[in-house]
2 protein chains.
Amino acid sequence: MIHNESMSKGGNSGDETILVGDCIARLQEVADKSVDLIFADPPYNLQLKGDLFRPDDSRVDGVDNDWDKFSDFATYDQFTRGWLTECRRVLKDDGAIWLIGSYHNVFRLGVALQDLGFWILNDVIWRKSNPMPNFRGRRFTNAHETLIWASKSETAKYCFNYDMLKASNDDIQMRSDWLFPLCGGEERLKLNGKKAHPTQKPEALLARVLQATTKQGDMVLDPFFGTGTTGAVAKRLGRKFIGIERDETYAAVARRRIEAVVPFEERLTKSPNKRDEPRIPFGWVVERGLLSPGTVLFDAQRRVTAEIQADGTLQATTLWGEHRGSIHKVGAAVQQAPACNGWLYWHFDRDGRAAQIDLLRQHLRAELT
Amino acid sequence: MIHNESMSKGGNSGDETILVGDCIARLQEVADKSVDLIFADPPYNLQLKGDLFRPDDSRVDGVDNDWDKFSDFATYDQFTRGWLTECRRVLKDDGAIWLIGSYHNVFRLGVALQDLGFWILNDVIWRKSNPMPNFRGRRFTNAHETLIWASKSETAKYCFNYDMLKASNDDIQMRSDWLFPLCGGEERLKLNGKKAHPTQKPEALLARVLQATTKQGDMVLDPFFGTGTTGAVAKRLGRKFIGIERDETYAAVARRRIEAVVPFEERLTKSPNKRDEPRIPFGWVVERGLLSPGTVLFDAQRRVTAEIQADGTLQATTLWGEHRGSIHKVGAAVQQAPACNGWLYWHFDRDGRAAQIDLLRQHLRAELT
DNA sequence: GGCACGCCTGAATCCAGCC
DNA sequence: AGGCTGGATTCAGGCGTGC
């Protein structure tokens with residue numbers, strides 16, 4: 001049924017297809033049960049209102065594209081069920097689907113999946129190592145996005161490359177929380193010096209998805225192709241793909257990008273990334289009950305004391321004032337020093353002897369590994 | 001309206017309430033707009049694997065064809081919307097709600113919240129440091145659960161203890177992914193050697209929730225109280241609570257558990273927000289004679305100057321004009337910036353050295369307490 | 001050339017209180 | 001209720017500049 005727009009260079013016709021046009025209309029050209037995996041990154045319906053400025057008065061370049069605007073949830077749900085229904089039709093019975101979203105839309109995606117008969121296998125968290133902070137201090141840093149992995153039905157024999165994932169993860173089962181940086185630097189596609197697409201996903205994320213849940217030669221469909229991350233990664237990993245994109249500008253960027261991709265199957269075997277030691281906030285020591293609120297800390301010479309508050313901050317009184325804040329800030333304040341490593345400065349009483357609170361951090365670190 | 005089952009020991013009547021019975025029925029005894037925060041860990045015995053109850057307590061018969069699978073979700077949705085509607089009624093207009101769930105039910109919870117008019121503030125991931133492995137090797141290790149934090153409406157002035165969270169996290173703002181171990185060891189409640197409740201949550205998780213989004217003395221409601229983790233943590237942190245639990249055995253365990261909790265001393269469970277500090281107009285500084293009219297202020301680099309007027313405004317002259325107004329307005333004008341915190345921008349001469357005028361504000365604030 | 005420093009930016013539902 | 005204003009608010013990483 002697909003007869004054109006194939007990127008035929010370097011592969012068999014139909015191995016690399018980009019279709020330009022409305023997602024549902026072009027999906028209708030794809031044959032029933034012909035696709036092994038679907039990856040869909042639909043509009044998030046962010047509902048952004050006015051501008052947002054950083055504390056340094058620079059403006060945040062938010063997503064204000066028309067394609068992300070929906071009049072209400074009902075409209076968004078209708079849109080979602082429309083394209084998901086077509087996706088279900090083209091998916092092989094043993095196929096699977098991945099969706100990605102944020103709290104704005106992901107709950108609606110999950111419900112639509114369930115209502116249409118898909119069987120959720122996992123939700124997976126993309127933890128961002130470098131998220132944008134919350135500039136006004138009104139919420140938690142929005143530091144993750146959610147992926148949903150679902151098979152076509154409860155009994156489907158979906159593909160899951162368990163051994164490969166475990167081997168590539170220091171022989172530990174791959175967890176449902178994945179850590180990746182945002183897409184930036186060289187990888188981030190530019191057009192006239194500006195980002196070509198506001199929501200380009202990192203290739204590492206797609207690589208994990210495709211390596212985990214497809215075999216070589218599988219057909220991958222992305223109904224919201226954008227600038228073609230799914231296609232680029234699929235080509236590199238020896239998977240076929242169909243990408244559908246409404247915006248010809250995005251599609252043109254994707255074509256150029258994918259042309260340049262040289263498949264490197266050796267990259268399937270990634271060296272495990274050695275991680276730095278995890279940072280342990282002092283709040284955890286209190287939350288976990290290793291030190292209780294009210295406990296008095298002191299410095300090595302026992303000249304200064306501070307009391308632990310229930311929220312993991314310290315309170316100290318000196319001749320020059322009251323000090324409340326983190327172990328570091330209060331440590332600095334009582335010494336009238338510009339900075340202080342609270343973990344090394346503060347001590348607690350253990351069986352009558354002074355012990356650095358850093359011991360407790362080491363304890364928690366050991367537990368986390 | 002609540003007239004019994006209060007655990008009156010050690011607190012005022014109504015500070016610690018456990019109600020036994022159906023969640024919706026007992027919620028109806030709670031007054032409108034009387035609760036500051038709701039924490040709900042609802043059951044998700046979906047998908048024909050256990051009992052499912054309608055709001056009227058009748059049991060749903062399991063069926064296994066596709067059509068009724070849909071009706072199964074529909075019944076769960078009906079149940080969810082039933083208790084959430086009551087929760088919404090008892091919640092103060094500036095209150096907030098937390099829900100926790102896994103991929104089986106959390107998407108349905110999120111959609112119900114949005115459809116009922118709640119405003120999602122964050123989804124938060126509880127990353128489990130010691131999750132149960134996936135024994136069959138067919139999926140990713142299910143290593144997290146999802147919490148949703150939502151205010152009653154888009155415009156609600158919800159409580160968020162930003163400063164405390166940041167201070168307890170080594171001065172970095174708290175992210176949406178939280179790492180905690182499962183509830184086990186001493187903390188895990190046992191009954192005849194077996195765990196008393198299958199899904200007991202760690203107290204550390206509840207402590208983070210309550211410290212982040214309630215003030216001392218706030219009323220917390222948990223409509224699925226179980227063995228009372230919410231109550232135990234609330235009591236320890238100086239919050240009041242109402243817990244509703246249908247199972248008398250669980251409720252009995254909860255009562256015993258909470259009786260044994262010794263609250264932290266009051267001074268330990270406060271988390272002052274910088275935003276709550278009293279506002280000091282610059283005019284007071286002049287009125288009190290801390291700076292006299294005619295004094296010249298300057299910025300940190302001593303590149304810009306401004307003269308204090310008798311009315312507490314500033315006057316400055318630049319190449320682009322004359323500026324008169326508040327310390328903030330003039331600070332912004334001389335920098336050609338959209339906004340400026342004059343307290344931090346302007347300095348005065350103290351013994352030959354530049355000192356921020358904010359010092360004088362701190363002085364006046366100290367006097368007020 | 002190397003390092004230190006500063007600028008730029010990323011799927012963002014981002015203010016509160018008083019008149 | 002809407003408008004005005006005081007004043008509170010950011011983390012990690014890539015990259016360019018300048019010494």
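Just so we're on the same page: letters track the sequence lines, and every chain starts at 1.
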Query raised in the report: How would you label the contact of A/D41 with the nucleic acid (heavy atoms, under 4.0 Å): base, sugar-phosphate, or nothing?
Result: base
Query - Span that lies between the C1' atom of C/dG6 and that of D/dT10, in whole angstrom - result: 15 Å
Requested in this report: Nearest-nucleotide wise, let me know which of A/G184 and A/N134 is further upstream toward the 5' end of DNA chain D.
Outcome: A/N134
Requested in this report: Can you figure out which of C/dA11, C/dG10, C/dC14 approaches the side chain of A/R136 most closely?
Outcome: C/dC14
Query raised in the report: What is the nucleic acid contact for A/P131, judged by heavy atoms within less than 4.0 Å: base, sugar-phosphate only, or nothing?
Result: base
Query raised in the report: What is the pairing partner of C/dG17, taking Watson-Crick or G-U wobble pairs with both distances under 3.5 Å in any strand?
Result: D/dC4
Report task. Ignoring backbone atoms, test whether B/K157 places a side-chain nitrogen or oxygen under 4.0 Å from the OP1 or OP2 oxygen of C/dG17. Result -> no
Query raised in the report: Can you tell which of D/dC11, C/dT13, D/dG6 lies closest to the side chain of B/I120?
Result: C/dT13
Query - Any N/O donor-acceptor pair, A/R138 side-chain to D/dT9 base, under 3.5 Å - result: no
Query raised in the report: The side chain of B/R361 lies closest to which of these nucleotides: D/dA8, C/dT13, D/dG6?
Result: D/dA8
Requested in this report: Go through D/dA8, D/dT10, D/dT5 for me and flag the one nearest to the B/Y162 side chain.
Outcome: D/dT10
Query raised in the report: If pairing requires Watson-Crick or G-U wobble contacts with both distances under 3.5 Å, which nucleotide is the partner of D/dC19?
Result: C/dG2
Query raised in the report: Hey, does A/T199 reach any base, or is it just sugar-phosphate, or nothing, if we go heavy atoms under 4.0 Å?
Result: base
Requested in this report: Measure from the side-chain heavy atoms of A/D56 and tell me the nearest of C/dA12, C/dT9, C/dA11.
Outcome: C/dT9
**Report entry** C/dC14 to D/dT5 separation - P atoms, rounded to the nearest Å
**Finding:** 23 Å
Report summary line: Side-chain contact check for A/E145: nearest option of D/dG6, C/dA11, D/dT9 is C/dA11
**Report entry** Along DNA chain C (nearest heavy atom to each residue), the more 5'-positioned of A/S58 and A/M132
**Finding:** A/S58
Requested in this report: Between D/dA8, C/dT13, D/dT10, spot the one nearest the side chain of A/F135, thanks.
Outcome: D/dT10
Query raised in the report: Checking all strands, does A/G50 fall into the base, sugar-phosphate, or nothing category for heavy-atom contacts under 4.0 angstrom?
Result: base
Report task. For A/T141, report the nucleic acid contact type (base, sugar-phosphate, nothing); a contact means any heavy atom under 4.0 Å. Result -> nothing
Query raised in the report: Using a cut-off of 4.0 Å on non-hydrogen atoms, how would the nucleic acid contact of B/R175 be classed: base, sugar-phosphate, or nothing?
Result: nothing
Query raised in the report: Can you check the B/K274 NZ to D/dG6 P distance for me, whole Å?
Result: 18 Å
**Report entry** Nearest-neighbour nucleotide for the A/N130 side chain, C/dT13, D/dG7, D/dG13 considered
**Finding:** D/dG13
Query raised in the report: Side chain of A/D68: nearest nucleotide among C/dA11, C/dT13, D/dG6?
Result: C/dA11
Report task. Classify the nucleic acid contact of A/P202 as base, sugar-phosphate or nothing, counting any heavy atom under 4.0 Å across all strands shown. Result -> nothing
Report summary line: Between A/F53 and A/S129, the residue closer to the 5' end of DNA chain D by nearest nucleotide is A/F53
Requested in this report: Give the rounded distance in Å between these two atoms: CH2 of B/W284 and C1' of D/dG6.
Outcome: 14 Å
Requested in this report: Check the angle between the aromatic planes of B/Y162 and B/F160 and answer parallel, tilted or perpendicular using the 30° and 60° thresholds.
Outcome: tilted
Report task. Whole angstrom is fine here: how far is it from CG in B/D171 over to C1' in D/dT10? Result -> 13 Å
Query raised in the report: Mind checking who D/dC11 pairs with, Watson-Crick or G-U wobble, both distances under 3.5 Å?
Result: C/dG10
**Report entry** Side-chain H-bond candidate by donor/acceptor type, B/S271 with A/D311, under 3.5 Å
**Finding:** yes
**Report entry** Ring centres under 6.0 angstrom apart (A/Y250, A/H197)
**Finding:** yes
Query raised in the report: Any N or O donor-acceptor pair linking the side chain of A/K195 to the base of C/dA11 at under 3.5 Å?
Result: no
Requested in this report: Identify the residue among B/I148, B/I38, B/T213, B/L121 that makes a side-chain contact (heavy atoms from CB on, under 4.5 Å) with B/W98.
Outcome: B/T213
Requested in this report: Decide, yes or no, whether a salt bridge links B/D93 with B/K152 under the criterion of side-chain N to carboxylate O below 4.0 Å.
Outcome: yes
Query raised in the report: Starting at CD of B/E277 and ending at P of D/dA8, how long is that distance when rounded to a whole Å?
Result: 9 Å
Query raised in the report: With a non-hydrogen cut-off below 4.0 angstrom, is A/L52 in contact with a base, only sugar-phosphate, or nothing?
Result: base
**Report entry** Pair B/Y158-B/W119, ring pair (Phe, Tyr, Trp, His ring centres under 6.0 Å): steps then yes or no
**Finding:** CA-CA 11 Å; B/Y158 55 90; B/W119 189 249; over 10 Å; no
Query - Salt bridge A/R59-A/D51, side-chain N to carboxylate O under 4.0 Å - result: yes
Requested in this report: Name the nucleic acid region contacted by A/E186, choosing base, sugar-phosphate or nothing; use a 4.0 angstrom heavy-atom cut-off, strictly under.
Outcome: sugar-phosphate
Query raised in the report: Expressed in whole Å, how much space separates the P atoms belonging to C/dC8 and D/dT9?
Result: 23 Å
Query raised in the report: Between C/dT13, C/dC15, C/dT9, which nucleotide gets closest to the side-chain atoms of A/R54?
Result: C/dT9
Query raised in the report: Relative to A/Y76, does A/R108 satisfy both conditions: NZ or CZ under 6.0 angstrom from the six-membered ring centre, and within 45 degrees of the ring's axis?
Result: no
Report task. Just call it for B/C340: base, sugar-phosphate, or nothing, with non-hydrogen atoms closer than 4.0 Å on any strand. Result -> base
Query raised in the report: Using atom P of each nucleotide, how far apart are C/dG1 and D/dG16 to the nearest Å?
Result: 15 Å
Query raised in the report: Does the ring of B/W119 meet both stacking tests against the six-membered base ring of C/dT13: centre distance under 5.5 Å and plane angle under 30°?
Result: yes
